[in-house]
Amino acid sequence: MTAKISYDEVEVGTELPARSFPVTRDTLVRYAGASGDFNPIHWNEKFAVEVGLPDVIAHGMFTMAEAIRVVTDWAGDPASVVEYGVRFTKPVVVPNDGVGAVIEVSAKVGAKLDDGLVRVDLTATSAGQKVLGMSRAVVRLA
């Protein structure tokens with residue numbers, strides 16, 4: 001596969017389609033099983049509160065993975081992402097209320113680089129708070 005978006009068709013400021021990603025306790029248990037990260041802050045409310053968290057929180061790597069889906073869906077090929085990094089600014093708190101949380105992700109092209117590469121700047125929020133800072137991906141376009 002290769003990216004489906006052409007470098008020549010993209011300008012700085014191009015907005016990618018925004019997405020919302022629901023997160024429930026069930027989601028976290030499934031992710032824990034797949035990743036092997038069974039830290040109790042991700043599933044045990046009592047433990048999470050005892051260590052100073054407001055409630056169970058989503059895995060940081062899960063949050064990163066959900067956010068980059070905006071970019072991979074837009075580009076059309078996950079392998080087109082050649083670099084990706086974030087800073088974790090706030091946790092995604094996932095209450096046990098049958099609803100959970102939502103991660104809202106938007107992104108735009110922040111720079112056109114050489115060799116068909118673009119830098120995409122992402123914004124990820126949950127409950128009105130920014131959960132990822134300096135979230136950037138470098139993507140190779142067609």
Side-chain angles (χ1 to χ4, degrees), residues 1-45 47-49 51-142:
M1 287 178 72
T2 59
K4 296 178 181 174
I5 302 294
S6 169
Y7 178 83
D8 294 332
E9 296 171 5
V10 174
E11 298 297 328
V12 171
T14 298
E15 293 187 17
L16 284 60
R19 298 266 317 263
S20 297
F21 302 99
V23 186
T24 64
R25 295 281 178 96
D26 181 62
T27 309
L28 299 182
V29 169
R30 291 172 188 268
Y31 182 81
S35 69
D37 182 351
F38 294 101
N39 186 324
I41 64 173
H42 303 303
W43 57 269
N44 184 319
E45 184 175 334
F47 183 86
V49 171
V51 299
L53 295 168
D55 206 330
V56 165
I57 63 169
H59 303 73
M61 297 304 286
F62 171 81
T63 304
M64 280 183 73
E66 291 294 78
I68 198 66
R69 287 175 60 189
V70 167
V71 177
T72 59
D73 289 352
W74 171 72
D77 179 11
S80 65
V81 176
V82 297
E83 187 178 314
Y84 178 44
V86 306
R87 288 189 182 159
F88 298 105
T89 57
K90 298 276 185 189
V92 175
V93 178
V94 184
N96 191 21
D97 59 3
V99 177
V102 176
I103 302 169
E104 304 282 351
V105 183
S106 61
K108 67 179 178 180
V109 175
K112 289 185 82 169
L113 310 172
D114 295 330
D115 299 322
L117 298 172
V118 296
R119 188 191 78 226
V120 177
D121 302 329
L122 296 93
T123 301
T125 61
S126 184
Q129 296 198 356
K130 195 172 187 180
V131 295
L132 298 177
M134 296 296 294
S135 184
R136 292 182 173 171
V138 174
V139 183
R140 182 173 309 285
L141 300 179

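Please read these numbers as outputs of a predicted model, since none were measured by experiment.
- Residue pairs meeting the ring-ring contact (aromatic ring centres under 6.0 Å, His included) criterion with at least one partner in residues 13-43, sequence neighbours excluded, are Tyr31-His59, Tyr31-Phe62, His42-His59.
- Residues satisfying the side chain to side chain donor-acceptor pair (under 3.5 Å) test with Thr24, not counting sequence neighbours, are Thr27.
- For the side chain to side chain contact (heavy atoms under 4.5 Å, CB included) test, residues two or more places apart in sequence or in another chain that qualify with Ser126 are Val92, Ala101, Val131.
- No side-chain heavy atom of Val56 sits less than 4.5 Å from a side-chain heavy atom of Asn96.
- Among pairs with a residue in residues 132-142, those fulfilling salt bridge (Lys or Arg N to Asp or Glu O under 4.0 Å) read Asp121-Arg136, at least two apart in sequence or across chains.
- Atom CD1 of Ile41 is separated from atom CG of Asn39 by 4.0 Å, given to the nearest 0.5 angstrom.
- For residues 72-118, no pair satisfies ring-ring contact (aromatic ring centres under 6.0 Å, His included), with sequence neighbours left out.
- Residues satisfying the salt bridge (charged side-chain N to carboxylate O under 4.0 Å, His left out) test with Asp73, not counting sequence neighbours, are Arg19.
- Judged as a salt bridge (charged side-chain N to carboxylate O under 4.0 Å, His left out), and not counting sequence neighbours, the contacts of Arg25 are Glu45, Asp55.
- Thr89 is linked by a side chain to side chain contact (heavy atoms under 4.5 Å, CB included) to Lys130, counting only residues two or more places apart in sequence or in another chain.
- When the side chain to side chain contact (heavy atoms under 4.5 Å, CB included) test is applied to Glu104, the partners found at least two apart in sequence or on another chain are Ser20, Val102, Thr125.
- With sequence neighbours excluded, the residues forming a side chain to side chain contact (heavy atoms under 4.5 Å, CB included) with Tyr7 are Lys112, Val118, Leu141, listed by chain and number.
- Every pair tested for salt bridge (Lys or Arg N to Asp or Glu O under 4.0 Å) that includes a residue from residues 3-17 fails, sequence neighbours excluded, so the list is empty.
- Residues satisfying the salt bridge (charged side-chain N to carboxylate O under 4.0 Å, His left out) test with Asp114, not counting sequence neighbours, are none.
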